[in-house]
Chemist: 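Take this structure first; my questions come after.
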There are 2 protein chains.
Amino acid sequence: MIDEMNEICAECCIHEEKVKAVQADMPGIETIFALADTFKTLGDPTRLKLLFALMQQELCVCDLAALIEVSESAVSHQLRVLRGQKLVRFRRDGKNLYYSLDDDHVRTLFAQGLEHVRE
Amino acid sequence: MIDEMNEICAECCIHEEKVKAVQADMPGIETIFALADTFKTLGDPTRLKLLFALMQQELCVCDLAALIEVSESAVSHQLRVLRGQKLVRFRRDGKNLYYSLDDDHVRTLFAQGLEHVRE
DNA sequence: TAAACATATGAATATATGTTCATATGTTTA
DNA sequence: TAAACATATGAACATATATTCATATGTTTA
């Protein structure tokens with residue numbers, strides 16, 4: 001009863017054809033979630049700093065921590081997130097792990113994002 | 001004392017020249033935060049859906065809510081966030097507010113992001 | 001092989017964020 | 001002008017997330 005009233009009320013102003021047409025051309029839900037995850041990963045200052053640094057050259061965890069002035073543990077945690085999104089990779093050299101960019105889309109994404117930021 | 005020890009210990013493995021060189025070419029902190037805010041805004045499925053819908057055509061709040069199956073209140077809150085980032089704008093027509101994209105960078109950002117998602 | 005080292009990882013905590021619910025605002029219509 | 005309507009907004013709440021701290025892992029060196 002109440003549900004029905006709500007539904008009627010909620011739908012009173014909807015332009016149905018329009019909604020259906022737009023709905024038909026929307027990306028699938030998995031695509032949306034995957035894309036959101038990617039952007040969410042880029043949406044943190046610490047991770048952005050890491051990526052900007054790695055855009056220049058490969059660096060070990062220790063150097064990254066010194067560079068962006070965050071604890072090595074925090075850096076390590078964030079690198080894990082970036083690895084999960086296949087944005088960075090690493091190679092081992094003795095005791096050190098050297099991280100580098102694993103995806104050139106980051107460069108174009110940053111360029112586009114910066115254009116937006118600069119309005 | 002202890003601080004000094006920590007500092008020495010923490011810096012023992014740092015490749016100083018490298019760090020300084022990279023640091024010199026990093027974007028400013030305001031730029032990083034602004035860019036992070038932009039990506040963070042794009043990092044939510046609800047907001048992504050709204051933007052994908054608005055990429056097709058302008059729509060009123062009511063239609064957007066029906067389209068992405070979220071309450072009108074939630075839509076309104078998220079549109080506010082998008083407005084704050086100057087990603088959408090609106091015009092009033094009688095009782096309705098019609099929202100539309102306010103920035104074409106969104107299209108290129110989505111295109112790049114999707115390329116990454118598709119590996 | 002034990003100690004030192006570089007890094008990873010899990011748990012804990014504090015903060016940020018998204019949705020809901022209740023209410024306010026601005027516009028049209030009766 | 002009062003009622004209906006479309007939307008906005010603030011507070012509350014539950015969940016997600018970033019950092020810290022303690023500890024574990026894998027590598028080198030003494």
Side-chain angles (χ1 to χ4, degrees), chain A residues 2 5-15 19 32-33 36-37 39-50 58-85 88-100, chain B residues 2 5-6 8-15 19 32-33 36-50 58-85 88-100:
Chain A
I2 287 171
M5 280 178 66
N6 283 338
E7 219 171 316
I8 290 168
C9 180
E11 289 186 8
C12 61
C13 65
I14 293 174
H15 216 220
V19 169
I32 299 233
F33 273 80
D37 277 343
F39 284 131
K40 195 180 299 181
T41 301
L42 300 179
D44 173 75
T46 299
R47 288 192 292 267
L48 275 193
K49 287 180 205 167
L50 290 172
E58 73 168 8
L59 289 160
C60 69
V61 176
C62 180
D63 284 350
L64 285 167
L67 185 51
I68 70 177
E69 294 172 302
V70 169
S71 77
E72 290 180 27
S73 178
V75 167
S76 188
H77 277 293
Q78 297 307 338
L79 285 171
R80 198 163 112 97
V81 174
L82 294 173
R83 255 156 43 211
Q85 288 287 322
V88 303
R89 60 167 172 265
F90 65 93
R91 69 178 178 85
R92 180 178 279 278
D93 179 23
K95 287 182 275 193
N96 295 289
L97 297 185
Y98 283 90
Y99 279 83
S100 55
Chain B
I2 287 170
M5 279 180 66
N6 282 337
I8 290 167
C9 182
E11 288 186 9
C12 62
C13 65
I14 293 172
H15 216 218
V19 169
I32 299 232
F33 273 80
D37 277 343
T38 297
F39 285 130
K40 194 180 298 181
T41 301
L42 300 179
D44 173 76
T46 300
R47 289 192 290 266
L48 275 192
K49 287 180 204 166
L50 290 172
E58 72 167 9
L59 289 159
C60 69
V61 176
C62 180
D63 285 351
L64 285 167
L67 184 51
I68 71 177
E69 292 171 303
V70 169
S71 78
E72 292 180 25
S73 179
V75 168
S76 188
H77 276 293
Q78 298 307 340
L79 286 171
R80 196 161 113 97
V81 175
L82 294 172
R83 254 157 44 212
Q85 288 286 321
V88 303
R89 59 167 173 265
F90 66 92
R91 68 177 177 87
R92 180 178 278 279
D93 180 24
K95 286 182 277 193
N96 295 289
L97 296 185
Y98 283 90
Y99 279 82
S100 55

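Keep in mind that this is a model prediction, so the values were computed, not measured. Chain letters run A, B, ... following the sequence lines, proteins first and then strands; every chain starts at 1.
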Chemist: Kindly compute the distance separating CG (A:Leu42) from OG1 (B:Thr38), expressed to the nearest 0.5 Å.
Modeler: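 OG1 of B:Thr38 is found 11.0 Å from CG of A:Leu42.
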Chemist: 5'-most contact on DNA chain D: A:Lys95 or B:Asp63, nearest heavy atom basis?
Modeler: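 With A:Lys95 and B:Asp63 compared, the 5'-side residue is B:Asp63.
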Chemist: Without decimals, in angstroms, what is the distance between B:Leu97 CG and D:dT9 C1'?
Modeler: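 About 13 Å, once rounded to whole Å.
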Chemist: So which protein N/O to nucleotides 16-21 of chain C N/O distances come out below 3.5 Å?
Modeler:
unit_1, atom_1, unit_2, atom_2, d
C:dT17, OP1, B:Lys40, NZ, 3.3
C:dG18, OP1, B:Arg47, NH1, 3.0
C:dG18, OP1, B:Arg47, NH2, 2.6
C:dG18, OP2, B:Arg47, NH1, 3.3
C:dT19, OP1, B:Thr46, OG1, 2.7
C:dT19, OP2, B:Gln78, NE2, 2.8
C:dT20, OP2, B:Ser71, OG, 3.1
C:dT20, O4, B:His77, NE2, 3.1
C:dC21, N4, B:Ser73, OG, 2.7

Chemist: Is the shortest side-chain N/O distance from B:Arg83 to OP1 or OP2 of D:dT9 below 4.0 Å?
Modeler: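 Looking at the OP1 and OP2 atoms of D:dT9, one of them is under 4.0 Å from a side-chain N or O of B:Arg83.
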Chemist: Quick one: does B:Asn96's side chain have a donor or acceptor within less than 3.5 Å of a partner on B:Tyr98's backbone?
Modeler: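 Checking the backbone N and O of B:Tyr98 against the side chain of B:Asn96, no donor-acceptor pair under 3.5 Å is found.
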Chemist: Using every non-hydrogen atom in the two residues, find where B:Ala36 and A:Leu48 come nearest and quote the distance to one decimal.
Modeler: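 The pair with the smallest heavy-atom distance is N-CD1, 3.4 Å.
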Chemist: Tell me the interatomic distance from B:His15, atom NE2, to C:dA6, atom P, rounded to whole angstroms.
Modeler: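 Answer to the nearest Å: 13 Å.
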Chemist: Send over the distance from B:Phe90 CZ to D:dA8 C1', rounded to a whole Å.
Modeler: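 The answer, rounded to whole Å, is 10 Å.
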Chemist: Given atom CG of A:Leu48 and atom P of D:dT17, what is their separation to the nearest angstrom?
Modeler: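 So the CG-P distance, A:Leu48 to D:dT17, works out to 16 Å.
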Chemist: Roughly, in whole Å, what's the span from CG in B:Asp93 to P in D:dT7?
Modeler: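 Checked: the CG to P distance equals 11 Å.
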Chemist: How many angstroms lie between CG in B:Asp63 and CD1 in B:Ile68, if you round to the nearest 0.5 Å?
Modeler: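 B:Asp63 atom CG to B:Ile68 atom CD1 measures 11.5 Å (nearest 0.5 Å).
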Chemist: Using the salt bridge (Lys or Arg N to Asp or Glu O under 4.0 Å) criterion, which residues pair with A:Arg89? Sequence neighbours excluded.
Modeler: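 In terms of salt bridge (Lys or Arg N to Asp or Glu O under 4.0 Å), with neighbours along the sequence ignored, A:Arg89 is linked to A:Asp102.
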Chemist: Table please: side-chain donor-acceptor pairs of residues 73-80 of chain B below 3.5 Å, with sequence neighbours left out.
Modeler:
unit_1, atom_1, unit_2, atom_2, d
B:Gln78, OE1, B:Arg47, NH1, 2.7

Chemist: Within this structure, what is the CG-to-P distance between A:Leu82 and D:dT17, rounded to whole angstrom?
Modeler: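 Checked: the CG to P distance equals 14 Å.
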Chemist: Taking only side-chain nitrogens and oxygens of A:Arg80, does any of them come within less than 4.0 Å of OP1 or OP2 of C:dA8?
Modeler: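 No.
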Chemist: What nucleotide, of D:dT27, C:dT27, D:dT7, holds the atom closest to the side chain of A:Arg92?
Modeler: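 It is D:dT27.
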Chemist: Please confirm whether the shortest side-chain N or O distance from A:Asn96 to OP1 or OP2 of C:dT7 is below 4.0 Å.
Modeler: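 Yes, such a contact exists.
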Chemist: For DNA chain D, what are the stems built from at least three Watson-Crick or G-U pairs in a row, each pair having both distances below 3.5 Å?
Modeler: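 Expected stems, ordered by start: C:1-30 with D:1-30.
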Chemist: May I ask you to verify if any side-chain N or O of B:Tyr98 is less than 4.0 angstrom from the OP1 or OP2 atom of D:dT7?
Modeler: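 Negative; the distance criterion is not met.
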Chemist: Could you state the atom-to-atom distance from CG of B:Leu79 to C1' of D:dA8 in whole Å?
Modeler: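 The distance from CG of B:Leu79 to C1' of D:dA8 comes to 10 Å, rounded to the nearest Å.
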Chemist: Which atoms form the tightest heavy-atom contact between A:Glu72 and A:Val61, and what is the distance?
Modeler: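 That closest heavy-atom pairing would be O-CG1, 4.2 Å.
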Chemist: With sequence neighbours excluded, what pairs up with A:Lys40 under the side chain to side chain contact (heavy atoms under 4.5 Å, CB included) test?
Modeler: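 With neighbours one apart ignored, the set is A:Asp37.
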Chemist: Residues two or more places apart in sequence or in another chain: which of them pass side chain to side chain contact (heavy atoms under 4.5 Å, CB included) with A:Leu97?
Modeler: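 For A:Leu97, the residues satisfying side chain to side chain contact (heavy atoms under 4.5 Å, CB included) (neighbours in sequence not counted) are A:Phe90, A:Arg92, A:Tyr99.
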Chemist: Grab the CZ-P distance between A:Phe33 and D:dA16 for me, whole Å please.
Modeler: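 Result: 11 Å.
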